[in-house]
Amino acid sequence: MSRFTKGLNPEQRKAVETTEGPLLVLAGAGTGKTRVITHRIAYLLEKGVPASSVLAMTFTNRAAGEMKSRIAGLVPKGGAKNLTVGTFHSLCVKALRRYSKQAGIRPGFGICDADDQLVAMKQALRELQIPESSLNPRICLSRVSLLKNRLTGPEVLIASSDEGESNLGRVYQRYDAALRVSGVLDFDDLLLYMVRLLEDRPTLALFRKRYRYLLVDEYQDTNGPQYSIVQSISGKHQNVCVVGDDDQSIYGWRGADVSKILNFGKDFPDATIVRLETNYRSTPQIIKGANAVIRNNASRHEKALRAAAADGDAIISKRLPDEEAEAQFVVEDILDRVRSEQIPLSDFSILFRTAIQPRVFEVQLRHYGIPYNLVGGMSFFDRKEVRDILAYLKIVANPDDELSLLRVINTPPRGIGTTSIEKMLVVAAEQSIPLAQVIHRNDQFPEVPPAPAQSAQRFLESLDGLRGLQSGPDLVNLVRELVNVVDYDAEIRKRYTDEEVRIKRRAAVSEIMNMAEWHARRGAKANLTSFLEDVVLSENDDRESDEEKGERVTLMTLHSAKGLEFSQVYLAGAEEGLLPHGRSIQDGDIEEERRLAYVGITRARHRLTVTYVQSRAKYGRREGVMPSRFLYEMHGEEAPKEVIAHAQRAVVEEPEKKPAKKKAKKTAKKRAKRKRRS
DNA sequence: CTGTCCTATCTTTTT
DNA sequence: GATAGGACAG
């Protein structure tokens, strides 16, 4: 027996040893999924499969990193070096740069994140003279994203007889055009262009020849394009192993398609299916609760998690008057347990449905002086100064990046107003040249106001001067020079009067230099483009993997908790309207919310505490709320009718009530204003 | 063109 | 309750 199959249970062993042909591993929470994946790859290498022919795809950088390091720990030194392990998105970026010609894009394309996307979408709406009040840019973005994920282009919609549809089609088209002008791809494009690249026969052949063994982690989160990529590359040999759990599919809103895992057997008729149902993570009490909840979902692979661990405490549920009391209870409870049971802080995590919930908890944690680690939320990269500096850098890397240029063209103020910018944009569109070209050749265009254009030109030229500093060792100097050249301190001085705040903002700017230095040390290939790419594709990974992580309580959303485990878990805000979320109740999509609850419950190893409140502030107003139906389910009960009815009522009433009230308020205010003036 | 005040919207989750 | 974008005055 291979040393990589020793110590595995029979199902796990089967998953490791079935190396040829399609394989579906249905891995329930805590059933040793990662172990199976890593051992399977180690086993392949041991059998003599060259590392370079293995391709492993994950959804998060964290998962990719963990997979890599755990395999490296299993196989002889250096044996894992040539493995290809990464997120779908990062692997696509690499492939698209390498085969940019075949993909029909420029090799130095930039990647735009959610914030850039929003800017581009707003621009598209403005160009079409559609007021944001009639078409919400965020909603447009998510709809366009879903369309892209379904591989649907804008033309189909434009041709529609439905006015709303064709409007959306035009917005979609403008939005895409805005991205293309800037020479950037959004996250969906990365997958989409990859799908198209693989339609090129010779390129596809290269991929098929190289990658003989495919592995997809978290297969339940696969969306259309990702599925298509896997299908294409796996080709005839079909040595494709997918691992996932339909009960943990929580990215439906992002186009993930559970049917992909439910139908794997149909897509690959001779697939082997292995079920991992022995849970090595949690106490029987926790598993019982988890099973009791998920049982209520109709569309799923039937399975039942069995706990291998010894008995523990019962699941605790605790009702509190409001969110402040909830936070206080949890934090004090943590303190108690740390004192009485000597449990380290790093064993604790507090899980939330939404990203704002942690706020109240942060206050309490600070109050008690407990160090914590907030995953996601307002990240370092969301800070204005960081986004500004990154925009400058993007322009250095790619002068045609219109989105970035528009962001900082007048930051700090250099006398370039919206009207001048509009005029220049019109010229750029008429001449179909990049905005930067219009600025450089402003003397050729009489309609462009000279003073602002020359100011913009000076700005661009100052950035041109930095273009020689893009390679690895110069990166830090590039950032330092840049901050000087654009006089970013003027922006900080202008915006913030408080000296303490200024110091903090400046610290964030220096932090970018640290990041650049850190990146430059990664190797000879490091340059500005690779740096920017790294930043965009790993925004939400906690960057403090060092000692900092140590003794801290972890706060995060249920979505980012997937794949993790903690000895002590607090699941906060178990209420109707929050978990399940009001939006999902409205859309009738309770099952994904239930899976979310299931993910939360199954994170806990030894103790799970579920908290809920009687009243919660919403939009600044306080509302009475009911306990979550999942709480009842967890204890094997049926949720009382009034709980469900209450949730339904809240949903039905809101859309009707609001507009009427708002209007009344608005006119009242206007009247008051007029009165005041007269 | 810049600064200030007011308003509307946000709050589901993320590569 | 914050924050970003719009309206308006200087």
Task: A/T557 side chain near B/dT12 phosphate (N/O to OP1/OP2, under 4.0 Å) - done: no
TODO: To the nearest Å, give me how far apart CZ (A/R62) and P (B/dT14) are.
DONE: 11 Å
Task: Between C1' of C/dT3 and CZ of A/R138, the distance in whole Å - done: 11 Å
Task: Between P of B/dT12 and CG of A/N136, the distance in whole Å - done: 11 Å
- [ ] Specify whether A/W253 and A/H559 have parallel, tilted or perpendicular ring planes, treating 30° as the upper limit for parallel and 60° as the lower limit for perpendicular.
- [x] perpendicular
Task: is_close_aromatic(A/F352, A/F361), centroid dist under 6.0 Å - done: yes
Task: d(CD, A/Q586; P, B/dT12) in whole Å - done: 10 Å
TODO: Could you check how far CD of A/Q123 sits from C1' of C/dG5, rounded to whole Å?
DONE: 16 Å
- [ ] Using a cut-off of strictly less than 4.0 Å, decide whether A/N410 has a side-chain nitrogen or oxygen near OP1 or OP2 of B/dT2.
- [x] yes
- [ ] Starting from C1' on B/dT12, measure out to NZ on A/K618 and report it in whole angstrom.
- [x] 12 Å
Open item on the list: Please classify the nucleic acid contact of A/D188 as base, sugar-phosphate, or nothing, using heavy-atom distances under 4.0 Å.
Closed with: nothing
Open item on the list: If the test is side-chain contact (heavy atoms from CB on, under 4.5 Å), which one of A/L185, A/D116, A/D186 qualifies with A/L179?
Closed with: A/D186
Task: Side-chain N,O (A/R583) to OP1/OP2 (B/dT12) below 4.0 Å - done: yes
- [ ] Tell me which nucleotide among B/dC1, B/dT2, B/dT12 gets nearest to the side chain of A/S584.
- [x] B/dT12
Task: A/P452 side chain, from C-beta outward: closest of B/dT13, B/dC1, B/dT2 - done: B/dC1
- [ ] Answer with base, sugar-phosphate or nothing: what part of the nucleic acid does A/L558 contact at a heavy-atom distance below 4.0 Å?
- [x] nothing
- [ ] Kindly assign one of parallel, tilted or perpendicular to the pair A/F88 and A/F59, based on the angle between their ring planes and the thresholds 30° and 60°.
- [x] tilted
- [ ] Determine whether any donor atom in the side chain of A/H581 lies under 3.5 Å from an acceptor atom in the base of B/dT12, or the reverse, and answer yes or no.
- [x] no
Task: Donor-acceptor pair under 3.5 Å, A/W253 side chain vs B/dT13 base - done: yes
Open item on the list: Going by the rule side-chain contact (heavy atoms from CB on, under 4.5 Å), which residues pair with A/E362 if we only count those two or more places apart in sequence or in a different chain?
Closed with: A/R366, A/Y372, A/L374, A/L555
Open item on the list: My understanding is that only residues two or more places apart in sequence, or in another chain, count here; which of them pass side-chain hydrogen bond (donor to acceptor under 3.5 Å, both in side chains) with A/R616?
Closed with: A/E326, A/E575
- [ ] Find which nucleotide of DNA chain B each of A/R414 and A/L191 is nearest to by heavy atoms, and output the residue with the more 5' nucleotide.
- [x] A/R414
Open item on the list: Measure CG/A/D115 against P/C/dT3 and give the value in whole Å, please.
Closed with: 14 Å
TODO: Please determine if a side-chain N or O atom of A/S90 lies less than 4.0 Å away from the OP1 or OP2 oxygen of B/dT15.
DONE: no
- [ ] State which of B/dT15, B/dT2, B/dT12 makes the closest approach to the side chain of A/R353.
- [x] B/dT12
Open item on the list: Need one value for A/K122: base, sugar-phosphate or nothing, where a base atom within 4.0 Å counts as base even if backbone is also close, heavy atoms only.
Closed with: sugar-phosphate
Open item on the list: Counting the atoms with a prime plus P, OP1 and OP2 as sugar-phosphate, which does A/S420 contact under 4.0 Å by heavy atoms, base, sugar-phosphate, or nothing?
Closed with: sugar-phosphate
Task: Shortest side-chain distance from A/I356, nucleotide among B/dT15, B/dT12, B/dT11 - done: B/dT11
- [ ] Just call it for A/F88: base, sugar-phosphate, or nothing, with non-hydrogen atoms closer than 4.0 Å on any strand.
- [x] nothing
TODO: Specify the separation, in whole Å, of atom CD of A/E324 and atom C1' of C/dG1.
DONE: 15 Å
